[in-house]
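Below is one structure, written out as C-alpha cells; comments come after it.
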Amino acid sequence: NSFELAYYRELGNVPYVAISQKKVWSDANHYTMGNPNLKAKVEHNLRMQLMHLQGKLSLTGEVQKTEDDMVYQTFADPSLENVYYVQPRNISGEWAFAFMGTYRSLVASSIWLSADVQAKLRRERQEVSGINYNGWAASSYFGLQAVTAFQRRWSFTLGVSCTPTHREYN
C-alpha cells in the first residue's frame with residue numbers, strides 16, 4: 001500500500017492575439033479584438049492517491065481551483081450600429097472536485113490492461129456576456145488502455161475513452 005499527496009500550481013500564458021488591440025474583421029458586421037488587461041490563468045491542484053494491491057488498484061481524489069480563466073464574450077460596438085465584436089475576458093475562480101479509480105491487470109507476459117473511471121463535479125459561479133452561471137456541472141469518464149513494454153524501455157499504449165455525461169445543475 002502507498003499514499004501520495006501532491007500539490008502543483010500551473011501558470012498559463014496569454015496568447016499575443018488575445019492581448020493585441022488590432023481589429024480582425026470576419027465580415028462587415030463582426031470583428032475580434034484583443035484585451036490588453038488579460039491576466040494569465042492560474043491553476044492550483046491538490047491530489048491524493050491511494051495505491052493498493054501492489055499498484056493494481058488506485059483511488060485518487062483531486063481538488064482544483066482555477067483563477068483568471070479566459071472566455072470570449074460578444075459585445076455590441078458602441079460607435080457602429082449593428083456591429084458586434086468578440087473580446088477575451090478573465091472570469092473569476094472556479095472550483096472542481098474529482099474522484100478517479102484505476103485497476104491494472106497483467107494479461108500476458110508484457111501486456112497490462114488498465115480500466116479507468118472518473119467522476120468530476122465543477123462549481124460554476126460567474127457572469128459571462130450578461131448571463132449569470134451559478135450552479136454545478138457534473139461529468140464522468142471511462143477509459144480502457146492496453147500497455148506493452150519492449151526491450152530498451154520502449155512501450156506502446158493503445159487506449160479508448162468515453163465521456164458519456166455532462167450535466168448542468170443550476
Side-chain angles (χ1 to χ4, degrees), residues 4-49 58-102 114-145 147 155-170:
E4 291 180 9
L5 182 64
Y7 168 80
Y8 74 84
R9 178 178 181 262
E10 183 177 318
L11 179 62
N13 68 348
V14 180
Y16 175 74
V17 152
I19 60 174
S20 170
Q21 289 194 303
K22 178 181 175 186
K23 291 181 181 180
V24 179
W25 290 86
S26 56
D27 60 40
N29 296 328
H30 300 90
Y31 65 90
T32 302
M33 185 171 68
N35 180 355
N37 299 320
L38 282 179
K39 297 177 189 169
K41 173 179 160 180
V42 178
E43 199 172 278
H44 302 273
N45 194 310
L46 180 63
R47 182 183 191 119
M48 297 144 287
Q49 184 174 37
S58 71
L59 301 174
T60 306
E62 201 169 279
V63 177
Q64 182 181 56
K65 182 167 191 313
T66 305
E67 300 169 355
D68 295 319
D69 205 358
M70 188 174 72
V71 296
Y72 284 85
Q73 295 185 23
T74 303
F75 301 96
D77 190 310
S79 59
L80 299 169
E81 189 175 332
N82 293 326
V83 173
Y84 299 90
Y85 67 97
V86 176
Q87 187 176 45
R89 299 287 169 107
N90 288 117
I91 57 174
S92 62
E94 188 175 87
W95 287 89
F97 308 92
F99 177 77
M100 294 157 274
T102 302
S114 174
D116 302 309
V117 176
Q118 175 183 353
K120 188 173 189 177
L121 192 60
R122 190 177 72 247
R123 178 73 172 124
E124 296 178 335
R125 192 178 359 193
Q126 63 246 346
E127 186 175 314
V128 178
S129 294
I131 299 171
N132 188 22
Y133 295 91
N134 189 11
W136 294 86
S139 61
S140 59
Y141 162 88
F142 303 99
L144 187 62
Q145 287 186 333
V147 180
S155 66
F156 176 77
T157 303
L158 178 64
V160 175
S161 66
C162 175
T163 307
T165 60
H166 180 82
R167 302 274 190 266
E168 299 288 334
Y169 301 99
N170 294 325

Between Ala40 and Asp68, the two heavy atoms sitting closest are O-CB, 3.7 Å
In terms of heavy-atom contacts, Val83 and Ala28 come closest through CG2-O, 4.2 Å
**Prompt:** With distance as the sole test, does Asn35 use its side chain to make a donor-acceptor pair with the main-chain N or O of Pro88 at under 3.5 Å?
**Reply:** yes
- request: Could you check if a side-chain atom of Val86 sits within less than 4.5 angstrom of a side-chain atom of His30, using non-hydrogen atoms only?
  value: no
Practice item. Go through Tyr85 and Asp77 one step at a time and tell me if the side-chain hydrogen bond (donor to acceptor under 3.5 Å, both in side chains) criterion holds. Key: CA-CA 6 Å; Tyr85 67 97; Asp77 190 310; over 6 Å; no
Rounded to the nearest 0.5 angstrom, the CD-CG distance for Glu81 and Asn29 is 10.5 Å
Only residue of Lys120, Gln49, Arg47 satisfying side chain to side chain donor-acceptor pair (under 3.5 Å) with Glu62 is Arg47
Heavy-atom closest pair (Asn90 atom, Asn37 atom, distance to 0.1 Å) is OD1-O, 4.1 Å
Is the number of heavy atoms from other residues, nucleotides or ligands under 6.0 Å of Lys23 NZ greater than 12? yes
ask   = Below 4.5 Å, heavy atoms only, C-beta onward: do Leu121 and Phe99 meet side chain to side chain?
value = no
Assess whether atom OH of Tyr16 is packed by more than 12 heavy atoms of other residues, nucleotides or ligands within 6.0 Å. no
Audit row: Lys41, Glu10, side chain to side chain contact (heavy atoms under 4.5 Å, CB included) steps and yes/no:
CA-CA 8 Å; Lys41 173 179 160 180; Glu10 183 177 318; over 6 Å; no
Heavy-atom distance under 4.5 Å between the side chains of Glu43 and Gln64, does that happen here?
yes
*asked:* Are the side chains of Arg9 and Val42 in contact, using a 4.5 Å heavy-atom criterion?
replied: yes
Between Leu5 and Met48, the two heavy atoms sitting closest are CD1-CG, 3.2 Å
Output for pair (Gln87 CD, Leu38 CG), nearest 0.5 Å, gives 7.5 Å
query = For Ser140, does its backbone N or O pair with a side-chain atom of Gln118 as donor and acceptor, under 3.5 Å?
reply = no
- Task: Determine the interplanar angle of the Tyr31 and Trp25 rings, folded into 0 to 90°, and report it as parallel if under 30°, tilted if 30 to 60°, perpendicular if over 60°.
- Result: tilted
So CD of Gln21 and CE of Met33: to nearest 0.5 Å the spacing works out to 6.5 Å
